[in-house]
Amino acid sequence: MSAPAAPPVPQPEVLAAFEAAKGFMPVDEGLALYAAAVGAAELGLPLVEVGTYCGRSTILLADAARTAGVMAVTVDHHRGSEEQQPGWEYHDPTVVDPEVGRMDTLPTFRRTLHAAGLEDQVVAMVGRSPQVAALWQGSVGLVFIDGGHTDEHATADYEGWAPHLAPEGLLVIHDVFADPADGGQAPYRIYRRALASGAFTEVAVHRSLHVLRRTGPGI
Ligand code: SAH
Ligand code: MG
């Protein structure tokens with residue numbers, strides 16, 4: 001019996017750009033995301049991310065998209081999630097627009113992609129996830145949900161984007177914590193809901209990153 005194929009890994013310069021980027025995706029979970037994205041890109045359809053922030057995980061989706069000649073699409077209003085606002089745990093004062101007095105991660109995101117040499121592989125959609133999803137028409141090969149962590153936002157991300165997944169497309173959800181002591185429960189609840197729908201089969205788990213394949217109708 002031959003050994004299982006080693007998972008794909010990004011080129012060293014892409015990995016270095018990812019590690020240098022501001023953001024919230026740990027390296028090990030990022031590599032699991034990358035492996036899922038390389039597989040999904042073979043469907044020949046766009047890879048969609050909800051929750052760009054400064055483009056850290058976007059680099060991985062874009063590099064996977066490049067291997068298959070598809071595009072990565074990333075959606076964010078760039079005003080930050082609840083827990084990233086001033087006074088909250090994940091606030092970064094360097095991503096505030098002083099003129100507007102609100103967060104603006106779009107300039108940093110653009111620098112991140114430029115540094116990684118991946119600008120041509122990404123379409124950035126600046127807006128609220130449910131509103132972008134409502135405008136979206138075609139099928140997608142992968143949906144990566146890493147946006148707002150309230151039930152309202154996570155539910156809207158799932159309801160807005162999961163129906164656009166092609167058969168065999170991948171739904172990847174970050175920050176899935178079964179134990180409330182480890183983190184908020186909204187991503188866990190949409191993960192449970194996806195499995196309960198009967199439309200998905202879990203194909204990989206790496207810590208809080210869960211990968212489900214669309215294997216049935218419904219959602
Ligand atoms: N994937 C990023 C982290 C994303 S953080 C990384 O690898 O570092 C979550 C992001 O989701 C924030 O930038 C926030 O602005 C965005 N977000 C939260 N709710 C949103 C919504 N309803 N629509 C669009 N973007 C949203
Ligand atoms: Mg996350």
Side-chain angles (χ1 to χ4, degrees), residues 10 14-15 17-34 36-37 47-64 72-86 88-92 94-97 100 102-113 115-116 118 122-136 142-162 171-177 182-188 190-191 205-211:
V14 173
L15 194 56
F18 163 71
E19 290 186 280
K22 197 187 278 295
F24 300 105
M25 178 57 65
V27 174
D28 61 325
E29 292 181 315
L31 291 175
L33 172 66
Y34 179 78
L47 313 179
V48 174
E49 168 176 72
V50 180
T52 316
Y53 193 61
C54 297
R56 185 170 161 98
S57 48
T58 317
I59 288 177
L60 302 172
L61 295 183
D63 190 48
V73 176
T74 185
V75 182
D76 203 308
H77 48 51
H78 287 280
R79 295 300 190 201
S81 298
E82 282 78 0
E83 69 276 14
Q84 296 160 353
Q85 301 305 319
W88 292 82
E89 189 180 356
Y90 294 102
H91 183 62
D92 179 344
T94 69
V95 290
V96 172
D97 176 345
V100 171
R102 293 195 62 192
M103 281 183 66
D104 184 1
T105 49
L106 187 56
T108 311
F109 160 69
R110 299 208 72 199
R111 287 185 208 113
T112 301
L113 269 197
L118 286 164
V122 178
V123 174
M125 312 210 51
V126 181
R128 300 177 66 82
S129 164
Q131 294 174 351
V132 179
L135 294 175
W136 189 269
L142 177 143
V143 170
F144 173 48
I145 298 183
D146 196 20
H149 283 168
T150 64
D151 278 306
E152 179 198 349
H153 290 131
T155 299
D157 292 343
Y158 176 71
E159 291 180 350
W161 289 102
L171 175 65
V172 184
I173 309 176
H174 194 220
D175 305 306
V176 171
F177 299 111
D182 295 329
Q185 297 285 281
Y188 178 68
I190 59 166
Y191 158 73
V205 186
H206 189 89
R207 292 202 294 134
S208 80
L209 189 104
H210 288 248
V211 183

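Source: prediction; values computed, not measured. Numbering starts at 1 and runs along the sequence shown. Just follow the structure's listing: the first ligand is 1, and inside any ligand the first atom is 1.
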Main-chain N/O of D146 paired with E49 side-chain donor or acceptor, under 3.5 Å: no
Side-chain (E29) to main-chain (S208) donor-acceptor, under 3.5 angstrom: yes
With sequence neighbours excluded, residues passing salt bridge (Lys or Arg N to Asp or Glu O under 4.0 Å) with R102: none
Within-cut-off N or O pair, F144 and ligand 1, under 3.5 Å: no
Non-neighbouring partners of Y158 that pass ring-ring contact (aromatic ring centres under 6.0 Å, His included), sequence neighbours left out: none
Nearest protein heavy atom with distance in Å, relative to atom 15 (O) of ligand 1: D76 OD1, 2.7 Å
For D146, atoms of ligand 1 separated by under 4.0 Å from a heavy atom: 1 (N), 2 (C), 3 (C), 4 (C), 5 (S), 9 (C)
N/O separation below 3.5 Å, K22 to ligand 1: no
L113 CG to I59 CD1 distance, which is reported to the nearest 0.5 Å: 6.5 Å
Protein contact of atom 8 (O) of ligand 1 - nearest heavy atom, named by residue and atom, plus distance: F24 N, 2.8 Å
Aromatic plane relationship, Y90 with F24 - under 30° parallel, 30 to 60° tilted, over 60° perpendicular: perpendicular
Any donor-acceptor N/O pair, T112 side chain to A21 backbone, under 3.5 Å: no
Working for side-chain contact (heavy atoms from CB on, under 4.5 Å), residues R79 and D104: CA-CA 5 Å; R79 295 300 190 201; D104 184 1; 3.7 Å; yes
Nearest-option assignment for atom 2 (C) of ligand 1, heavy atoms, candidates G51, G23, C54, A156: G51
Approximate separation, where rounding is to 0.5 Å, of Y34 OH and M25 CE: 15.0 Å
OH on Y53 to OG1 on T58, rounded to 0.5 Å: 12.5 Å
Sidechain-backbone polar pair: H78 side chain, L106 backbone, donor-acceptor under 3.5 Å: yes
Minimum-distance protein heavy atom relative to atom 19 (N) of ligand 1: G148 N, 3.4 Å
Between CG on residue D175 and CD on residue Q185, distance to nearest 0.5 Å: 11.5 Å
Atoms in ligand 1 with a heavy atom of G147 nearer than 4.0 Å: 9 (C), 11 (O), 18 (C)
Test item, G55 contacting ligand 1 (heavy atom, 4.0 angstrom): no
4.0 Å heavy-atom contact, Q84 with ligand 1: yes
Side chain S81, main chain Q84, donor-acceptor under 3.5 Å: no
Min N/O separation T105 to ligand 1 under 3.5 Å: no
Per-atom contacts, ligand 1 versus T52 - under 4.0 Å to a heavy atom: 2 (C)
Shortest reach to atom 6 (C) of ligand 1 by a heavy atom, considering only G30, P130, S57: S57
H77 and ligand 1 - part of the residue with a heavy-atom distance under 4.0 Å: both
Around the Mg ion (ligand 2), number of protein N/O/S atoms which are nearer than 2.8 Å: 3
Residue list, ring-ring contact (aromatic ring centres under 6.0 Å, His included) with H174, at least two apart or on another chain: none
Protein heavy atom at shortest distance from atom 22 (N) of ligand 1: H153 CD2, 3.4 Å
Closest protein heavy atom (residue, atom, distance) for atom 23 (N) of ligand 1: S129 N, 2.8 Å
